[in-house]
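As a basis for the values below, the full set of heavy atoms in this structure was taken, side chains included, without hydrogen atoms, waters or symmetry mates. In each ligand, atom 1 is the first atom listed, and ligand 1 is the first ligand listed. Being a predicted model, the structure only gives us computed values, none of them experimental.
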Amino acid sequence: MSQVFNPSGTRAEILGCGIFLPGDPIPNSDLSKLMDTSDDWIRTRTGIEQRYWVQGKVSTSDLAFEASKRALENAKVEAKEIDLILLACLYPDHEIPGASLFLQRKLGLSGIPALDIRQQCSGFLYAMSIADSFIRMGMSKKVLVVASEVQSKGLDRTTKGRDTAVLFGDGAGAVVIGAKSVTDAKKDSFIYSHHLHADGNFAESLWIPSPGTNTEGHRITHEILDQGGADLKMNGKIVFQNAVTRMPEVLVEGLNANGLTIDDVDLFVFHQANIRINDYVADKLKIPSHKIHNTIHKFGNTTAATIPLGFGDAIQAGKLKKGDLVATAAFGAGFTWAASVLRW
Ligand code: ACO
């Protein structure tokens, strides 16, 4: 599915961005104290050097709230101007209702629609495409799009869970997206396109089976928990093989749809699952390394939050400026994959 470049009429522009990481960074060496792993294994296999994990009763919507405040400030938009909240996350604060409701309450925005997007690592790009559509249809004027992840509370931080525990981090990123009347399609800042894909045939290659309704009896039992049914399960090799195929494919699809080439793009901000995946994509498409902003070494894999964290971190590093042409691509559980192209 795609929403493609058509500069006529109302379009959507990113007005500001904010990011939030909880507490102090946790270096790989600290994980060796919890499980049988090493800095060398983690670094060489994934590129990760450290990650952030929340302490105590900090929830998904807490991190989302901090990132949202910063995004609103950066956009110079007051919270009361927001007319739609979209929150992408893996784990909500509670089973029901969605984490977007708790974020809405924290922002003091009762009454406006709030929606959770559960599309894992592609969740932020799926959410951006919905925000873009609502704005282009005239249903919304200013949308808060947030991706927030507290994954640490779902990780088995023992040797049994080391294959996934070392990969994931907590954090949040948010953007404020507003309506824009485009006058110069080549220069104006606005979102050009989204290309979204999914293939449920790979659902079990990266998943958490329980709690769920695909059971004979109750959707969560002591037996299910004891058998690890609520733990993340990943076939790392299948994920890797599909990611290195789908990410370049969807990126090229996005650029072609807009008549653009790699050379036209100022900055590439990819999902951060594994530095080897991103290096492979860069190599395959011959993208010079200075045009790519990776953050996995600092933040680990923050699933849905990797792309807005990448935007925010690139701004802080002086690598992303108003007017830059940005291309993004994500791949994650589902499998889902997506690319968005925009002028910042
Ligand atoms: N520390 C030390 N040893 C470990 C660890 C660890 N944290 N985890 C696994 N090992 C061991 C395994 O037990 C295995 O030991 P064995 O050979 O004695 O059986 C050995 O290391 C190799 O394990 P593999 O799983 O084969 O390691 P691989 O080289 O495939 O790397 C990885 C694992 C990094 C996950 C890889 O499969 C990969 O890059 N997959 C891509 C998917 C990915 O990065 N997913 C992240 C999240 S998904 C997403 O965001 C899209």
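With 3.5 Å as the limit, one finds no donor-acceptor pair spanning the side chains of Thr10 and Lys180. Judged by distance alone, the side chains of Ser38 and Asp40 never bring a donor and an acceptor atom under 3.5 Å apart. With hydrogens and angles left out, the side-chain atoms of Asp39 and Ser29 include no donor and acceptor closer than 3.5 Å. Side-chain atoms of Arg51 and Asn28 include a donor-acceptor pair closer than 3.5 Å. Between the side chains of Thr46 and Asn274, no donor N or O sits under 3.5 Å from an acceptor N or O. For the residue pair Ser193 and Asn258, a side-chain donor N or O sits within less than 3.5 Å of a side-chain acceptor on the partner. Asp188 and Thr183 are linked by a side-chain donor-acceptor pair at a separation below 3.5 angstrom, with hydrogens and angles left out of the test.
For atom 1 (N) of ligand 1, a protein non-hydrogen atom is found at a distance below 4.0 Å. Under the 4.0 Å distance rule, the nearest protein heavy atom to atom 19 (O) of ligand 1 falls outside the cut-off. Distances from atom 34 (C) of ligand 1 to the protein include at least one heavy-atom value under 4.0 Å.
Ring geometry for Trp337 versus His197: interplanar angle under 30°, hence parallel rather than tilted (30 to 60°). Between Phe202 and Phe335, the ring planes lie parallel to each other; the angle is under 30°, not in the 30° to 60° tilted range.
Close approach of ligand 1 to Leu206 (heavy-atom distance below 4.0 Å) involves ligand atoms 48 (S). Shown in contact with Phe331 at under 4.0 Å from a heavy atom are these atoms of ligand 1, numbered in order with element: 51 (C). Near Val166, meaning under 4.0 Å from any of its heavy atoms, are these atoms of ligand 1: 7 (N). Listed by number with element, the atoms of ligand 1 under 4.0 angstrom from any heavy atom of Asp163 are 8 (N). Near Phe168, meaning under 4.0 Å from one of its heavy atoms, ligand 1 places the atoms 47 (C). Each of the following atoms of ligand 1 lies closer than 4.0 Å to a heavy atom of Gly236: 37 (O), 40 (N), 41 (C), 42 (C). For ligand 1, the atoms lying closer than 4.0 Å to a non-hydrogen atom of Gly332 are 51 (C). Residue-ligand proximity, Met234 to ligand 1, at heavy-atom distances under 4.0 Å covers atoms 35 (C), 45 (N), 46 (C), 47 (C).
Residue contact check for ligand 1: Met35 places no non-hydrogen atom closer than 4.0 Å to it. Put simply, no part of Thr303 is less than 4.0 Å from ligand 1, judged by heavy atoms. At least one heavy atom of Cys121 sits less than 4.0 Å from an atom of ligand 1.
For Arg276, every heavy-atom contact with ligand 1 shorter than 4.0 Å involves the side chain, none the backbone. At a heavy-atom cutoff of 4.0 Å, ligand 1 is contacted by the side chain of Leu167 but not by its backbone. Of the heavy atoms in Asn301, only side-chain atoms (C-beta onward) come closer than 4.0 Å to ligand 1.
Of all protein heavy atoms, the one closest to atom 42 (C) of ligand 1 is Val239 CG1, 3.5 Å. Of the protein's non-hydrogen atoms, the one nearest atom 38 (C) of ligand 1 is Asn274 ND2, 3.6 Å. In this structure, the protein non-hydrogen atom closest to atom 22 (C) of ligand 1 is Arg45 NH2, 3.7 Å. In terms of protein heavy-atom proximity, atom 23 (O) of ligand 1 is nearest to Trp41 CZ2, 4.3 Å. For atom 6 (C) of ligand 1, the closest heavy atom belonging to the protein is Thr37 OG1, 3.3 Å. Given atom 15 (O) of ligand 1, the protein heavy atom at minimum distance is Arg162 NH2, 4.4 Å. In this structure, the protein non-hydrogen atom closest to atom 24 (P) of ligand 1 is Lys237 NZ, 4.1 Å.
The shortest N/O to N/O separation between His271 and ligand 1 falls below 3.5 Å.
Checked by atom type and distance alone, the side chain of Glu66 never pairs as donor or acceptor with a backbone atom of Ile19 at under 3.5 Å. Under a 3.5 Å cut-off, the side chain of Asn74 and the backbone N or O of Ala71 do not form any donor-acceptor pair. Lys233 places a side-chain N or O within donor-acceptor distance of the main-chain N or O of Gly228, the cut-off being under 3.5 Å.
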Checklist line | Full working for side-chain hydrogen bond (donor to acceptor under 3.5 Å, both in side chains) between Glu149 and Thr303 | finding: CA-CA 7 Å; Glu149 300 288 12; Thr303 48; 2.8 Å; yes

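Side-chain rings of His94 and Phe102 approach one another, their centers coming within less than 6.0 Å.
Leu101 and Leu144 fall into different hydrophobic clusters, where Ile, Leu, Val, Met, Phe, Trp and Tyr side chains are chained together by heavy-atom contacts under 4.5 Å.
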